[in-house]
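Take a look at the structure below.
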Amino acid sequence: MFGYYMDLALRSLRRSPVLTALMVLAIAVGIGASMTTLTVMHLLSGDPLPGRSQHIFYPQVDPTSRLNPHSQPYDMMDYHSAVDLWSAQRADRQALITVSALRLTAPTVHQPALMAQMLSTTSDFFPMFAVPFQYGNAWTAQDDARHARVAVISSDLNNKLFQGSDSVGRTLWLKDADVRIVGVLAPWRPSPQFYEVVGGRFSDGDTASFYGRPEDVFMPFFSSLEVNDGGFNPFTCWNAPDPGVKLQNSPCVWVALWVQLDSAAKVSGYRDYLASYAEQQKALGRFARADNTRMFDLMQWLDFNRVVPSDVRLQTWLAFAFLAICLFNTIGLLLAKFLRRAGEIGVRRALGASRAAVFAQCLVEAATIGLLGGLGGLLLTLLGLWLIRRQPVEYAELIHLDPSMFGLTFALAIAASLLAGVLPALRASRIAPALQLKTL
Amino acid sequence: MILRPILSSLTRHKLTVMLLMLQVALTCGIVCNVAFMIEERIARMSAPSGVAEDEVVLIDSVQVDPHTNPQMRHLEDVAALRAIPGVRSAVAVDAVPFNGSDWTSSLNTQPDSDANAASASVYNGTPGELQTLGLNLIAGRDFLPGEYLPLDSAHDGAGLGKVSTVIVTRALADKLFPAGNALGKSVYPFSQPARIVGIVDHLSRPGPHDAGAEDYSALFPLLPDTAEVTYVMRTAARNRKHVLEIAKATLTRLDGNRIVRQPSTFAQLRADYFHRDRTMVGLLLAAAVALAFVTAVAIAGLAHFWVGQRRRTIGIRRAIGATRGDILRYFQTENFLIVSGGVVLGLLLAMMLNLILMQQYEVPRLPVYYLPIGAAVLWLLGQLAVLGPALRAAAVPPVVATRSM
């Protein structure tokens with residue numbers, strides 16, 4: 001029966017080729033636009049640490065020394081608060097984070113000096129964020145404590161300087177210091193670069209930079225402060241820093257802290273600890289407010305910073321609105337088309353076809369349009385993604401069509417056209433045969 | 001023309017008419033908002049930066065040797081750049097509009113109080129920044145040579161706490177002192193007052209900011225002393241490429257131990273900065289046109305079917321005296337009624353969508369004049385789409401009435 005309906009559908013579609021082409025085109029464009037934007041949304045809004053993100057938290061305190069009308073704590077912490085909280089070791093894992101740029105040369109490698117981005121962090125960073133290693137290992141907590149001059153480098157930098165060979169044990173010249181490589185990362189490209197997301201609410205929706213590449217050099221936090229002394233920049237300051245005072249003692253925020261808390265009890269325990277720390281600092285006269293602490297988990301923090309660029313969200317809405325209009329279009333045209341064939345349907349009904357049979361026949365025709373539209377939509381999706389990859393935005397190289405999106409394209413196309421076909425098919429199946437036969 | 005017969009015929013196709021109305025409504029609602037977004041983006045892209053855009057070129061330099069004194073380096077570099085034939089003036093600055101290096105500071109009108117504060121982008125540079133960028137000073141004066149201090153970037157720009165004078169944009173002056181008497185008043189970047197000695201017409205900020213705050217900029221007489229600095233040169237438009245090449249060679253010759261990067265004209269900088277907006281304008285435009293096209297196809301397709309369905313009735317009407325014009329007008333009026341229904345719904349939808357967008361994306365309120373324009377566009381679109389089928393209907397000969405099929 002299905003084969004027969006298919007044959008009828010193809011005949012009917014061939015009878016008005018222009019109209020068929022327009023319906024298929026409308027579905028294809030609607031599906032292509034929706035799937036392109038949905039793929040980008042999917043890739044940009046995904047969980048960068050699937051299965052672990054619910055245990056990763058971002059504590060915040062308000063270190064300002066005068067009463068601040070800002071109702072929210074700063075996006076980063078001052079040196080003292082961050083180091084106090086880190087040293088307390090109250091979480092299962094904890095990592096300090098700050099970023100700077102410095103000059104990098106590799107002795108024995110004949111390449112010009114380059115400005116490298118350096119992530120200053122502590123040893124827990126690598127296991128906490130499941131960072132993959134190609135050669136060697138992360139440094140240890142002892143290395144943190146004794147300010148060891150060691151570094152982990154990215155696979156990009158390893159390819160650039162050492163042609164991808166095992167460079168563990170070799171030396172890098174960072175600014176004026178000799179630093180030994182202890183580990184080389186495997187290619188690692190979290191989307192977004194979640195551990196560094198700050199200040200999203202001030203970026204006016206232009207958050208593409210959160211999808212950049214991880215740094216090339218990772219160094220123990222405290223030794224990096226010595227190596228790149230003066231090379232760090234504050235996120236913001238609440239008072240003018242006094243001349244001659246190091247950034248560590250200045251009224252500025254520039255260090256972030258991430259903690260891993262493996263159970264709900266530990267989470268509430270850590271919240272209490274944050275509150276008691278703020279109380280204690282207020283008693284010492286360092287904080288003006290003790291009640292301004294906060295701790296988001298990783299996904300909440302990304303949401304709070306609205307990491308998905310507003311343009312991408314807008315494009316997705318627009319694409320689905322477009323798909324909706326294409327659907328209305330298809331419903332209207334199919335309805336007109338089926339009802340115009342009222343005579344033919346009347347004859348089929350009179351010859352014994354049931355309502356269900358007529359309904360099924362109409363739906364097969366609608367699904368055929370959907371399938372053709374889905375094929376066109378897939379091609380347009382590939383074209384759309386190719387166009388996005390050519391855009392000069394940070395996330396361009398992350399964009400690809402994955403198998404689940406490939407399947408979803410067809411599912412969406414057929415579902416959309418079936419949805420569009422149901423109403424017209426229902427109407428067509430309720431055509432009274434006698435009335436139609438009379439007019440023949 | 002009497003509407004009764006048209007209306008009664010439409011009530012026999014309730015479902016189809018409703019679907020078409022809904023489609024017109026959705027299109028109207030979306031296209032109005034998309035058009036508004038396009039206008040907004042274009043307004044942002046074409047806002048004056050205040051800079052003499054056709055005459056300014058820039059080049060970045062990053063000092064590699066940590067033992068060089070950056071301020072001495074800048075002095076020597078600027079002197080050499082000024083000596084390039086064709087360069088009218090040159091300065092070292094820490095930021096220019098659209099280069100993304102945005103240092104935002106809160107400026108208060110009273111010491112130690114955040115009341116009446118505005119958040120503004122801070123521009124620092126060597127003497128001559130105003131002429132080199134081509135800023136239009138509309139009141140007051142430029143900085144005096146004695147007013148310049150080092151930025152003290154080693155201590156996070158502590159110079160900003162000591163500076164005694166400032167030049168602000170008109171927008172920032174009006175924001176801080178709405179009474180319009182900003183000149184001579186003091187602002188407080190931190191606890192020290194800085195007197196407003198000059199007001200410039202426009203100076204866009206280095207990065208994106210909320211609508212209305214794009215021009216909140218303040219120039220301070222602070223000399224950059226960071227290893228990374230931007231050299232700005234002013235020259236005749238036709239010399240720009242040439243000057244950039246010489247400037248790059250000059251900087252490398254003066255000190256090879258540095259990274260010279262991103263030599264570009266201001267026009268290029270602007271084009272790169274607004275690339276995202278240009279792409280969005282293109283996308284929005286394509287979406288609006290595609291939506292209008294799909295809706296036009298729906299209208300034309302449906303009219304086409306109806307003409308086919310009504311051939312006999314049209315023939316009878318023609319046979320009993322209706323002219324071709326009558327038939328044409330019948331279809332046009334019918335279309336006008338359907339589109340009008342859709343437009344009424346669509347204008348409501350446009351306002352609702354705008355309310356949602358206002359919450360989600362901080363889009364301003366849709367200006368009222370978009371509504372009549374949107375309605376007119378859809379009426380026109382409907383009439384154009386129906387014209388083909390209506391003409392075909394008008395061409396149906398009366399003799400059809402006498403045939404059985």
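By convention in this document, chain letters (A, B, ...) are assigned in the order of the sequence lines, proteins followed by strands, and residues within each chain are numbered from 1. Values below: every heavy atom of this structure, side chains too, minus hydrogens, waters and symmetry copies.
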Quiz item: Of the backbone (N, CA, C, O) and the side chain (C-beta and beyond), which part of A/M115 lies under 4.5 Å from a heavy atom of chain B, both, or neither?
Solution: both
Quiz item: What do you reckon, is CZ of A/R15 surrounded by more than 12 foreign heavy atoms closer than 6.0 Å?
Solution: yes
Quiz item: Using non-hydrogen atoms only, which part of B/T104 is less than 4.5 Å away from chain A: side chain, backbone, both, or neither?
Solution: neither
Quiz item: Roughly how far, to the nearest 0.5 Å, is CG of B/L302 from NZ of A/K337?
Solution: 14.0 Å
Quiz item: Side chain, backbone, both or neither: which part of B/H209 has an atom under 4.5 Å from a heavy atom of chain A?
Solution: backbone
Practice problem: Tell me, for B/I30 versus chain A, whether the close heavy atoms (under 4.5 Å) come from the side chain, the backbone, both or neither. | Solution: side chain
Quiz item: Between B/R41, B/E228, B/Q192, which shows the greatest number of heavy-atom pairs under 4.5 Å with chain A?
Solution: B/R41
Self-check item: A/R306 versus chain B, the contacting section by heavy-atom distance below 4.5 Å
Solution: side chain
Exercise. Using a cut-off of under 4.5 Å on heavy-atom pairs, state which of A/L423, A/D311, A/T236 scores highest against chain B.
Key: A/D311
Quiz item: Side chain, backbone, both or neither: which part of B/A290 has an atom under 4.5 Å from a heavy atom of chain A?
Solution: both
Practice problem: Let me know if B/I299 has heavy atoms under 4.5 Å from chain A in its side chain, its backbone, both or neither. | Solution: neither
Quiz item: Using non-hydrogen atoms only, which part of B/R261 is less than 4.5 Å away from chain A: side chain, backbone, both, or neither?
Solution: neither
Quiz item: Of all of A/A319, A/G332, A/S310, A/G30, which one pairs up most often with chain B through heavy atoms under 4.5 Å apart?
Solution: A/S310
Quiz prompt | Flag if over 12 foreign heavy atoms under 6.0 Å of CZ, A/R427 | solution = no
Quiz prompt | Over 12 foreign heavy atoms within 6.0 Å of CZ, B/F293 | solution = no
Quiz item: Of the backbone (N, CA, C, O) and the side chain (C-beta and beyond), which part of A/L335 lies under 4.5 Å from a heavy atom of chain B, both, or neither?
Solution: side chain
Exercise. Please say whether more than 12 non-hydrogen atoms of neighbouring residues, nucleotides or ligands are located less than 6.0 Å from CZ in B/R44.
Key: yes
Practice problem: Report yes if some heavy atom in the side chain of B/H304 is under 4.5 Å from a heavy atom in the side chain of A/L19; otherwise report no. | Solution: no
Exercise. Output the distance between atom OG1 (B/T279) and atom CD (A/Q391), rounded to the nearest 0.5 Å.
Key: 4.5 Å
Self-check item: chain B-proximal positions within residues 321-329 of chain A [heavy-atom distance under 4.5 Å]
Solution: A/A321, A/F322, A/I325, A/C326, A/F328, A/N329
Quiz item: Side chain, backbone, both or neither: which part of B/S105 has a heavy atom under 4.5 Å from chain A?
Solution: neither
Quiz item: To the nearest 0.5 Å, what is the distance between CH2 (A/W317) and CD1 (B/I356)?
Solution: 8.0 Å
